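What follows is a short report on a single structure.
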4 protein chains.
Amino acid sequence: MSSQKSTSADTAVTGAAATDVLDAGRAPKRARGRMRVAALLDAATLVFAEKGYDAATMTEIAARSSTAIGSLYRFFPSKEALAEGLLHRYGERASAGLDAIAARAHDMTAAQMADALLDLMMALKSERTALKVLMDARVDGANRRRYLLGVIRGRMAGVLSAHAPGLSADRADLLSIMLLHLMKTIPELAEEAEAAALFQEMRLVLSAYLTAAVAGG
Amino acid sequence: MSSQKSTSADTAVTGAAATDVLDAGRAPKRARGRMRVAALLDAATLVFAEKGYDAATMTEIAARSSTAIGSLYRFFPSKEALAEGLLHRYGERASAGLDAIAARAHDMTAAQMADALLDLMMALKSERTALKVLMDARVDGANRRRYLLGVIRGRMAGVLSAHAPGLSADRADLLSIMLLHLMKTIPELAEEAEAAALFQEMRLVLSAYLTAAVAGG
Amino acid sequence: MSSQKSTSADTAVTGAAATDVLDAGRAPKRARGRMRVAALLDAATLVFAEKGYDAATMTEIAARSSTAIGSLYRFFPSKEALAEGLLHRYGERASAGLDAIAARAHDMTAAQMADALLDLMMALKSERTALKVLMDARVDGANRRRYLLGVIRGRMAGVLSAHAPGLSADRADLLSIMLLHLMKTIPELAEEAEAAALFQEMRLVLSAYLTAAVAGG
Amino acid sequence: MSSQKSTSADTAVTGAAATDVLDAGRAPKRARGRMRVAALLDAATLVFAEKGYDAATMTEIAARSSTAIGSLYRFFPSKEALAEGLLHRYGERASAGLDAIAARAHDMTAAQMADALLDLMMALKSERTALKVLMDARVDGANRRRYLLGVIRGRMAGVLSAHAPGLSADRADLLSIMLLHLMKTIPELAEEAEAAALFQEMRLVLSAYLTAAVAGG
DNA sequence: GATGAATGAGTCTTCATTCAT
DNA sequence: TATGAATGAAGACTCATTCAT
């Protein structure tokens, strides 16, 4: 009883308190839960990237993150849901990366832009491989994936608009789709023997295209 | 008796007749066999493209080509062998297409080149999607796939050399790898809602890159 | 024409002629047929012995005797029938061998008898291995196999009666069953490293048993 | 509280208690697991004996022990592993039986020895039939089977040495091989119509052989 | 009759998912 | 709430047998 009183006092202040207080004892468990989820997603990233979507087994993903299979299913009720979780996390990270570029985009040259995009892709590389696998897996739920794509494309359009304010909205959308398709090949280039030289080429492709497109748009 | 006489007379004339006669009954079987193989490869192309390598089932591929599962296995003794058959056929078709472009390459502008490559990819589109799936599949036999890649890259280098005779061999090789990576995205563009506009963009990407690369090389 | 004449002349003598004449042109085919059957049975003996009943494939048996699979099925309409053919041939050869021993049995000592039986088993060894496989295969048609067993046991009883005329029929039957069971192990002994020594032991087993049994019966 | 006290008292005494408590929840699962394994081996014994190794299906073995096919594969990850499990269990039982005979062997007559061996084979009869099938199966892993044979032959040699201490080691080894070959026929005798009489004969075979061999050795 | 391509039932095995403990 | 044993649908592949040529 007395504990409840003090609780309501706290709540008034913190705002987020309402839920926190109700969960009192559960708070640490939640923290554990979030770590579990992170560990699961990390393991899933590895296993999907190594084996592909179908060949990856829920059992191995659980084992690699030292999680009981039953617990994995508590957090992600299906393999599809796990894939979606991965997609979601990737979407957030990619969005953050693109937003960061957008913030600096106004003052960048096309060549600098190309570099920034290349850097971003390489930073996300390990997750990209898993993502590719998931996007290619022709399973149902593709629509939700399409949603993710939409979000990222929006961010990319933001980058472009910041970079070349003169672009029409439609044109920015189109360019963002095109650029994202081009950027998809970057992790693959990284696996070629001539990776370094190919990066130079990609830099050329991107800046040449950006220059031409911005000028022509 | 008289029939026997005429028979020996015929044989004497044609020379090849002897074997023809012996194969008499086998000829149609072979023709049927070749059609079966083509039907199987077509069905496999569809199913692999739709489901991905692992999710594609031999049973469905057989059913889609109205073939008994046992017959599928007579022609392709394993799923891997079927994939290889597809790869092989694609290799031949792509090589032929690139060779045809090479023959005309000397007199083409960068823009015409871009168009020709786009057209080729679209002509191969249905097979391209399946090919992507097969090349990405994390299965053994990747070496033979690598071989296919080598062949196609060689043809593409031939196209570039014909187009811009001034290119060094190394440079032509590098450009061909880059171009093929870029071209891989074409069938994916075709699936976007804005396909037509994206094709224009790709034309721009390719010709801008070709122009810059040839000039810079 | 002239050949036909001489044929009918021959026929008059042989008694089997009636059918021979009707088959005129088929006669050589028949001979071919008999050779095919022999070749098939030989191949089957090998393959069954090597692989066991289930793992042996009709296709391999056909191939090993250079026979088309369709032809194999003309002679033996099922795998079971082929097994039966083998059993039958074995029965005839084993019967012949036992009859030959029976003819000399009266004047043989127990030790000589043991030797004769050992020799017979070794002479039939290659077929024995296949036979073992067929008798052990727990497939239907076991009844017909039981018939074969009956025949051979009868012959063995004949051998025993000739050897020891004082034996009652029942006792001879029992002893023959026992002896045949013991003899079954001989080909297995031949596969042990100590085959030679084990043969001596088996000689001991057989003659000790024969002596004791004949005396005690 | 009092229960807790008594618990800790118990623990103090048994020593093993600590782990017992930790395993509390797992203990019944393990017990169930062991019963499953036993049921599976029993079913496998039946099915292998009835159908032979190849013709026996994992599905039927699972069904006969009211086990889901997936569970069968949890305990025995392959058909071969299941066979090995059976071999192992047989090896232990046969060894135990032979050791028990060895313990009494010194004071036994040849006839008593024969009886003891007959009794042992009959006790193991149902497993013997399956074992025969497994030992004959032309599959890989034959080496491990050879190991089993070695073990059992060693035990049998122990029996003989205890029975007739005068035997040389080599002679004991040879006799044990011979005796085991003879004993293999016992379960087959049991399937004949005249089983009872044949057992008398086998008794005769064994004791006559033992007497002769021991005297002669 | 001979041939061998075609057929499809049936085998072993895997793995996403559930649920009793 | 966590655990991991249990489940069974589904997939790749084989082979006895048939039948059009």
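All values below come from the heavy atoms of this structure, side chains included, with hydrogens, waters and symmetry mates left out. As the structure is a prediction and not an experimental result, all values here were calculated from the model. Below, chain A is the first sequence line, B the second, and so on; all start at residue 1.
- When rounded to the nearest whole Å, the span between CZ of A:Arg74 and P of F:dT3 equals 10 Å.
- Nearest-nucleotide positions on DNA chain F place A:Ala68 closer to the 5' end than the other of D:Ala68 and A:Ala68.
- Nucleotide F:dA20: paired with E:dT3 (Watson-Crick or G-U wobble, both distances less than 3.5 Å).
- Across all strands shown, C:Ala56 has heavy atoms under 4.0 Å from sugar-phosphate atoms exclusively, and none from any base.
- Among the nucleotides E:dT13, E:dA16, E:dG8, the one closest to the side chain of D:Ser78 is E:dT13.
- In this structure, CG of B:Asp54 is placed 17 Å from P of F:dA10, rounded to the nearest angstrom.
- The residue from C:Thr59, C:Ile61, C:Asp54 that alone fulfils the side-chain contact (heavy atoms from CB on, under 4.5 Å) condition with C:Thr57 is C:Thr59.
- Distance A:Leu72 CG to E:dT17 C1': 11 Å, rounded to the nearest Å.
- Atoms CE (C:Met58) and P (F:dA16) sit 7 Å apart, rounded to a whole Å.
- Each of D:Gly70 and B:Thr67 was matched to the nucleotide of DNA chain E holding its nearest heavy atom; the match closer to the 5' end belongs to B:Thr67.
- Closest to the side chain of D:Thr59, from the set F:dA16, E:dC12, F:dA12, is E:dC12.
- When rounded to the nearest whole Å, the span between CE of A:Met35 and P of F:dA2 equals 15 Å.
- Regarding C:Lys79, its NZ atom lies at a distance of 8 Å from the C1' atom of F:dC15, rounded to whole Å.
- Comparing E:dT3, F:dT3, F:dT18 by their nearest atom to the side chain of C:Tyr73 picks out F:dT18.
- Side-chain contact check for A:Leu86 versus A:Leu131: every heavy-atom pair is 4.5 Å or farther apart.
- Closest to the side chain of B:Ile69, from the set E:dG8, E:dT13, F:dA6, is E:dG8.
- Contacts of C:Thr57 with the nucleic acid, taken as non-hydrogen atoms under 4.0 Å apart, involve only primed sugar atoms and P, OP1 or OP2.
- A 4.5 Å side-chain heavy-atom check between C:Arg89 and C:Asp42 finds at least one atom pair inside the cut-off.
- Between B:Leu82 and the options B:Phe75, B:Tyr73, B:Phe76, a side-chain contact (heavy atoms from CB on, under 4.5 Å) holds for only B:Phe76.
- Summarising the geometry, the separation between CD on A:Glu60 and P on F:dG4 is reported as 17 Å, rounded to the nearest angstrom.
- Rounded to an integer number of Å, the gap from CD1 of B:Ile61 to C1' of F:dG11 is 12 Å.
- Within the cation-pi definition used here (under 6.0 Å to the ring centroid, within 45° of the axis), C:Lys79 qualifies as a partner of C:Tyr53.
- Side-chain nitrogen and oxygen atoms of C:Ser71 include at least one within less than 4.0 Å of the OP1 or OP2 phosphate oxygen of E:dT3.
- Residue-level contact check: D:Phe76 touches neither bases nor backbone, having no heavy atom under 4.0 Å from any strand.
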